[in-house]
Amino acid sequence: MCVCIYSIGLSMGGCLGWEEERYTDGSKWKFLEHKGPVFAPPYEPLPSNVKFYYDGKHMKLSPEAEEVATFFAKMLDHEYTTKDIFRKNFFKDWRKEMNAEEKAKLTDLKKCNFTEMSEYFKAQSEARKAMTKDEKLKIKEENERLLQEYGFCIMDNHRERIANFRIEPPGLFRGRGDHPKMGMLKRRIRPKDIIINCSKDSKHPEPPPGTKWKEVRHDNKVTWLVSWTENIQGSIKYIMLNPSSRIKGEKDWQKYETARRLKKCVDRIRTQYHEDWKSKEMRIRQRAVALYFIDKLALRAGNEKEEGETADTVGCCSLRVEHIKLYPENDGQEYVVEFDFLGKDSIRYYNKVPVEKRVFKNLQLFMENKEPDDDLFDRLNTSVLNKHLQELMDGLTAKVFRTYNASITLQQQLKQLTMPEFFSFKKILSYNRANRAVAILCNHQRAPPKTFEKSMQNLQTKIDAKRDQLSDAKRELKSAKADAKVRRDEKSKKAVETKKKAVQRIEEQLMKLEVQATDREENKQIALGTSKLNYLDPRISVAWCKKWGIPVEKIYNKTQREKFAWAIDMADEDFEF
DNA sequence: GGCTTTACTTAGAAGTCCTTCG
DNA sequence: CGAAGGACTTCTAAGTAAAGCC
């Protein structure tokens with residue numbers, strides 16, 4: 001029933017704690033015990049001096065209506081609250097929580113004045129910041145106690161950290177991008193909404209006094225501990241384990257193993273889709289061109305979405321005619337495709353790429369007689385594509401290409417950019433640059449930090465100061481040398497050596513600062529975290545660290561080291577992805 | 001030692017992909 | 001098939017803690 005996947009032989013009998021086995025029958029665990037979720041704290045009505053005004057007149061709200069009003073008040077400084085859709089959705093849902101009297105009276109959001117509430121919450125947060133050390137410590141200790149009690153579970157003989165043991169508190173839904181549901185009320189979750197999952201032979205978590213769970217089940221084919229249905233999209237939310245857990249780590253490892261299997265057959269697959277560009281069948285041509293984009297540009301699969309339920313975003317299979325432009329010639333290049341669309345989280349994907357003539361001709365064909373809002377690949381969707389991929393390689397899906405291309409790019413770039421003679425901080429710059437190449441490939445952008453310009457300036461100031469310091473040190477060295485030439489004694493010789501050392505030290509410090517400035521500048525609009533956490537086989541990084549004698553702490557912080565414990569333990573310096 | 005900046009952590013929304021059901 | 005449901009991964013922004021600076 002169980003197969004040993006890998007055993008981690010650590011000296012002194014130590015072990016990572018999850019080296020044993022994996023089940024082959026689809027079960028994820030045998031034993032699971034936990035304390036259930038931590039609920040959001042109950043609503044505390046505002047003090048009576050904090051007033052709400054309607055049409056300029058004070059109005060005391062019922063606790064139910066007041067609570068929802070505070071959600072809006074807390075967001076008053078956010079631009080969300082100026083958006084029409086947000087305001088409309090909020091007001092509609094708020095009215096549902098009002099009593100008859102309030103409903104009759106409060107008919108126009110524009111006449112509502114939340115400023116006192118807003119001021120009150122700002123003052124509260126100021127007060128929190130101004131708390132004494134002791135008070136802060138007390139809160140910290142209480143959080144730690146809660147973490148120890150609810151933040152861990154027992155799964156198959158191991159105490160594992162839970163990722164999110166707190167239930168999401170009620171509030172206003174904030175979608176990303178142009179979300180049609182922004183501003184809607186996210187309901188408070190109660191025990192009777194909660195499904196508990198644990199093993200039969202465990203001590204089941206108790207619901208709060210006087211309440212009942214919706215259900216307690218014992219499904220060991222899934223990994224979640226707690227679930228509930230959220231009221232905005234009607235989707236299910238889960239409490240699951242931390243990335244450091246055995247169950248997540250193994251899954252992560254498998255993901256990279258699948259990507260490595262793709263490496264072995266990717267040439268064959270590429271040859272195949274090149275052939276398919278010539279197919280007589282439209283659906284096959286479309287499939288082949290889409291796959292080419294997924295492979296070459298690391299696009300996401302692009303599932304269909306329910307129109308009007310979410311922001312209008314697309315991936316590869318859901319691209320529409322309006323999202324690409326074709327240029328037979330552009331800036332001296334032939335057959336250029338310009339992509340411009342909103343992807344996941346409404347992040348813009350913009351790219352101009354030259355493609356093979358066959359691809360170009362196919363795209364022209366796909367676009368013939370279509371409206372801008374028609375699907376580019378009308379004979380294709382993700383399930384058709386994935387079924388095809390499954391036939392090409394066991395376990396192959398569209399997203400494996402992203403993982404594969406990200407990881408292989410990191411490996412190549414590391415080889416290309418790391419020079420043996422580099423100081424270690426310069427090697428780390430090389431690492432970050434390799435990481436950056438991947439982030440760019442995967443379109444992991446970020447808004448430039450608000451303080452970016454200023455922080456660059458600060459760094460520049462430091463560099464200038466260091467330069468001055470260096471020229472001073474050099475001058476001193478020079479005069480020490482001259483002095484030594486005249487005196488020709490031990491003492492002055494020693495002085496020269498000391499000054500030499502000083503110059504060297506300052507030179508290195510200057511270089512370090514300059515590297516830091518380069519790194520930061522290049523990172524202005526690029527987010528490295530997502531690829532590091534989700535796309536790059538950590539064994540590549542671990543191997544690189546070992547090869548160049550860079551401590552792994554320079555690359556991975558504590559949380560990341562916990563998540564990648566399996567890789568840190570497994571990979572040696574000649575690991576090849 | 002207090003203030004500012006940077007790094008890390010958490011939250012929770014938005015994807016992918018598989019399974020189930022009519 | 002196609003739609004819906006379910007489980008799990010990926011993603012950015014916001015919040016918090018820690019580090020750096022005067």
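Each chain gets a letter, A, B and so on, in the order the sequences are listed, and its residues count up from 1.
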Need one value for A:A527: base, sugar-phosphate or nothing, where a base atom within 4.0 Å counts as base even if backbone is also close, heavy atoms only. nothing
Side-chain contact test, heavy atoms from C-beta onward, threshold under 4.5 Å: evaluate it for A:I347 versus A:R176 and give yes or no. no
Please check if the distance between the ring centroids of A:W544 and A:Y431 is under 6.0 Å. yes
Give, ordered by number, those residues of residues 169-183 of chain A having at least one heavy-atom distance below 4.0 Å to an atom of DNA chain B; if nothing qualifies, reply none. A:P169, A:F173, A:R174, A:G175, A:R176, A:H179
Is there a side-chain polar atom (N or O) of A:K399 under 4.0 Å from OP1 or OP2 of C:dT10? yes
Could you work out which one of C:dT12, C:dA7, B:dT16 sits closest to the side chain of A:N303? B:dT16
Kindly say if A:R166 contacts the phosphate of B:dT9, meaning a side-chain N or O under 4.0 Å from OP1 or OP2. no
Which part of the nucleic acid, if any, lies within reach of A:S383 when heavy atoms closer than 4.0 Å are counted: base, sugar-phosphate only, or nothing? nothing
Measure the acute angle between the ring planes of A:F293 and A:F339, then classify it against the limits of 30° and 60° as parallel, tilted or perpendicular. perpendicular
Check the side chains of A:N435 and A:S531 for a donor-acceptor pair under 3.5 angstrom, ignoring hydrogens and angles. yes
Checking all strands, does A:T310 fall into the base, sugar-phosphate, or nothing category for heavy-atom contacts under 4.0 angstrom? nothing
Name the pairs: protein N/O against N/O of nucleotides 20-22 of chain B, kept only if under 3.5 Å.
none

With sugar-phosphate meaning primed atoms plus P, OP1 and OP2, does A:T530 contact a base, only sugar-phosphate, or nothing at under 4.0 Å between heavy atoms? base
Check: protein-nucleotides 16-22 of chain C nitrogen or oxygen pairs below 3.5 Å:
| residue | atom | partner | partner atom | Å |
| --- | --- | --- | --- | --- |
| C:dC21 | OP1 | A:K462 | NZ | 2.5 |

Tell me whether the OP1 or OP2 atom of C:dG6 has a side-chain N or O from A:K221 closer than 4.0 Å. no
Taking the nucleotide of DNA chain C with the nearest heavy atom to each, does A:E306 or A:K387 sit closer to the 5' end? A:K387
Heavy-atom nearest nucleotide on DNA chain C for A:D219 versus A:C442: which residue maps closer to 5'? A:D219
On DNA chain B, compare the nucleotides closest to A:V314 and A:Q560; which residue's is nearer the 5' end? A:Q560
Is the phosphate of B:dT16, meaning OP1 or OP2, less than 4.0 Å from a side-chain N or O of A:T382? no
Is A:G302 touching bases, backbone alone, or none of the nucleic acid, heavy atoms closer than 4.0 Å? sugar-phosphate
Counting the atoms with a prime plus P, OP1 and OP2 as sugar-phosphate, which does A:K558 contact under 4.0 Å by heavy atoms, base, sugar-phosphate, or nothing? nothing
Which nucleotide in the set B:dG15, B:dC8, C:dA7 lies at the smallest distance from any side-chain heavy atom of A:T559? B:dC8
Within the structure shown, what part of the strands sits under 4.0 Å from A:L533 by heavy-atom distance: base, sugar-phosphate, or nothing? nothing
Side-chain N or O of A:K344 closer than 4.0 Å to phosphate OP1/OP2 of B:dT16: no
If each of A:E168 and A:R520 is mapped to the nucleotide of DNA chain B with the nearest heavy atom, which maps nearer the 5' terminus, i.e. the 5' end? A:R520
Would you mind classifying the nucleic acid contact of A:Y535 as base, sugar-phosphate or nothing, using non-hydrogen atoms under 4.0 angstrom? sugar-phosphate
Side chain of A:K28 (C-beta onward), nearest among B:dA13, C:dC8, B:dC17: C:dC8
Side-chain contact check for A:Q233: nearest option of C:dT12, C:dC8, B:dA14 is B:dA14
